[in-house]
Undergrad: 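Handing you this structure, nothing more for now.
Sequence lines set the chain letters: A, B, ... in the order given, protein chains first and strands last, and positions in each chain run from 1.
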Amino acid sequence: MAPRVTILLFATARLAAGASELRWPVEPGGLPLGSLVRSLGSRYPKLAPILPTCRFVLNGRYVVSRATRVRPGDKFAVHPPYGGG
Amino acid sequence: MAPRVTILLFATARLAAGASELRWPVEPGGLPLGSLVRSLGSRYPKLAPILPTCRFVLNGRYVVSRATRVRPGDKFAVHPPYGGG
Amino acid sequence: MTVSVHLTRRPLSVAAAMRVLSGPGLGGVVVFAGRVRPDRTPAGRVTKLEYEGDLALARSVLADLERTAQRRFGAVRIVLWHRFGTIKVGEVSVLVGAACGHRSAAFDAARYLIEELKRSVPIWKTERARPARRPRRPPYRRRGRASG
Amino acid sequence: MTVSVHLTRRPLSVAAAMRVLSGPGLGGVVVFAGRVRPDRTPAGRVTKLEYEGDLALARSVLADLERTAQRRFGAVRIVLWHRFGTIKVGEVSVLVGAACGHRSAAFDAARYLIEELKRSVPIWKTERARPARRPRRPPYRRRGRASG
């Protein structure tokens with residue numbers, strides 16, 4: 001099986017991509033978070049305008065740096081602005 | 001029956017006077033509230049130090065002026081500082 | 001209970017208050033409950049409070065507070081419930097609530113109502129305390145035996 | 001329910017929250033309840049909301065909020081309950097509560113908790129609306145009779 005990242009999409013990001021979970025192929029060495037987000041935006045044009053408002057979560061922790069490396073087997077979540085309450 | 005004012009005492013005022021209700025004899029023409037309060041303090045020395053902290057209610061309405069006339073048949077209530085909640 | 005202003009000897013129910021604090025578009029509800037605390041006093045630990053009130057006047061002041069909160073905060077539904085009589089430690093003595101379109105107004109209204117209730121409603125409490133048991137003198141230990 | 005942090009598909013009970021928000025010396029309890037409002041949207045009147053969350057992370061952020069409120073406001077007991085799934089207009093989607101020694105801290109803690117919950121907990125809602133019925137064209141009144 002090719003090396004993949006699991007991408008979880010919530011709320012408006014889910015609606016824009018038309019899927020709540022993606023299995024995203026990556027190089028065995030992984031890639032920077034910034035590159036992953038850019039390619040997500042290219043693949044799903046409706047998602048592109050939402051991504052700049054999103055927070056990102058890698059394996060259950062918030063990540064801020066776009067240089068953070070995302071590796072095969074990782075779980076990557078896209079969080080649009082929250083709306084609980 | 002002699003002309004009287006009903007005096008209602010609450011909380012610390014009730015404890016100081018040892019009564020929750022007094023039937024207080026007054027002249028047929030009544031008297032100013034200030035005089036009534038002074039004579040209450042003389043009759044019940046433990047009540048005297050409490051009276052300056054109290055609000056007074058005549059027939060269900062707050063009264064501020066010490067000159068307000070209290071007449072036979074009136075209901076006069078002595079309210080120490082409130083402590084609800 | 002379906003009324004805003006209520007003075008009663010019976011326990012106060014938050015669930016009942018929530019039913020009053022509902023209505024179309026009322027998205028934010030804030031409820032304050034005051035419970036009797038087992039404070040220490042010179043007379044011992046408080047076990048209960050006795051609440052008394054000038055009830056007719058208290059009702060009319062509470063009704064004024066309701067109208068003011070409606071006008072000032074746009075609070076649509078209000079609860080101003082107070083128990084009187086004997087209330088034991090841990091029980092709820094007062095329930096104040098406000099339901100508004102949004103949470104900010106509901107918080108402001110509920111806070112206003114409880115502050116004003118304490119300041120301006122003719123209700124009083126008297127503490128009943130259980131005297132702390134006086135520590136007994138420890139048994140006297142004699143050094144050796146004494147006569148008698 | 002006897003826990004502080006709770007994410008559930010089932011209705012939230014204020015009475016259950018009050019049981020959590022009790023304990024010796026906790027004289028002031030403030031509860032905030034958020035209800036689903038029938039807002040007007042371009043798609044029509046909201047009839048229900050669908051709540052979703054990144055639930056594992058949401059739980060851990062809520063637990064952080066609880067600890068912060070305990071430290072900052074001395075809130076001894078806290079409730080941070082959120083429903084997810086489908087919630088109809090008028091139902092409670094969130095219950096936040098704080099029990100403290102005194103009312104001021106309880107108000108501050110509850111306010112802090114709901115503001116932070118909205119800001120920092122990964123929960124989202126999607127509106128489901130009932131399209132406004134398009135006004136029917138009024139029946140055409142003919143002037144006099146027409147053939148056919």
Undergrad: Sort B:Ala77 into side chain, backbone, both or neither according to what part of it lies under 4.5 angstrom from a heavy atom of chain C.
TA: side chain
Undergrad: Would you check, one step at a time, whether the test side-chain hydrogen bond (donor to acceptor under 3.5 Å, both in side chains) holds for C:Glu66 with C:Ser4?
TA: CA-CA 8 Å; C:Glu66 180 187 13; C:Ser4 306; 2.7 Å; yes
Undergrad: When the ring planes of B:Phe56 and B:Phe76 are compared, do they come out parallel, tilted or perpendicular, using 30° and 60° as the limits?
TA: parallel
Undergrad: Could you label the plane-to-plane angle of the B:Trp24 and B:Tyr44 rings as parallel, tilted or perpendicular, counting under 30° as parallel and over 60° as perpendicular?
TA: tilted
Undergrad: Could you tell me which portion of B:Pro81 (side chain, backbone, both or neither) has an atom closer than 4.5 angstrom to a non-hydrogen atom of chain C?
TA: backbone
Undergrad: May I ask you to say whether C:Glu115 pairs ionically with C:Arg111, meaning some side-chain N is under 4.0 Å from a carboxylate O?
TA: yes
Undergrad: Taking the basic N atoms (NZ, or NE/NH1/NH2) and the acidic carboxylate oxygens, is any pair closer than 4.0 Å for C:Arg67 and C:Asp64?
TA: yes
Undergrad: Looking at chain B, which one of C:Ala56, C:Ala58, C:Ser120 has the largest number of heavy-atom pairs inside 4.5 Å, strictly under?
TA: C:Ser120
Undergrad: Name the member of C:Glu52, C:Lys125, C:Glu50, C:His82 that forms the most heavy-atom pairs with chain B at distances under 4.5 Å.
TA: C:Glu52
Undergrad: Do you know which of C:Asp54, C:Val92, C:Val94 has the most heavy-atom pairs with chain B at a distance under 4.5 angstrom?
TA: C:Asp54
Undergrad: Are C:Tyr51 and C:Trp124 near enough that their ring centres are under 6.0 Å apart?
TA: no
Undergrad: Please look at C:Arg83 and chain B and tell me whether the side chain, the backbone, both or neither of the residue comes under 4.5 angstrom of a heavy atom of that chain.
TA: neither
Undergrad: Could you tell me which portion of B:Arg55 (side chain, backbone, both or neither) has an atom closer than 4.5 angstrom to a non-hydrogen atom of chain C?
TA: side chain
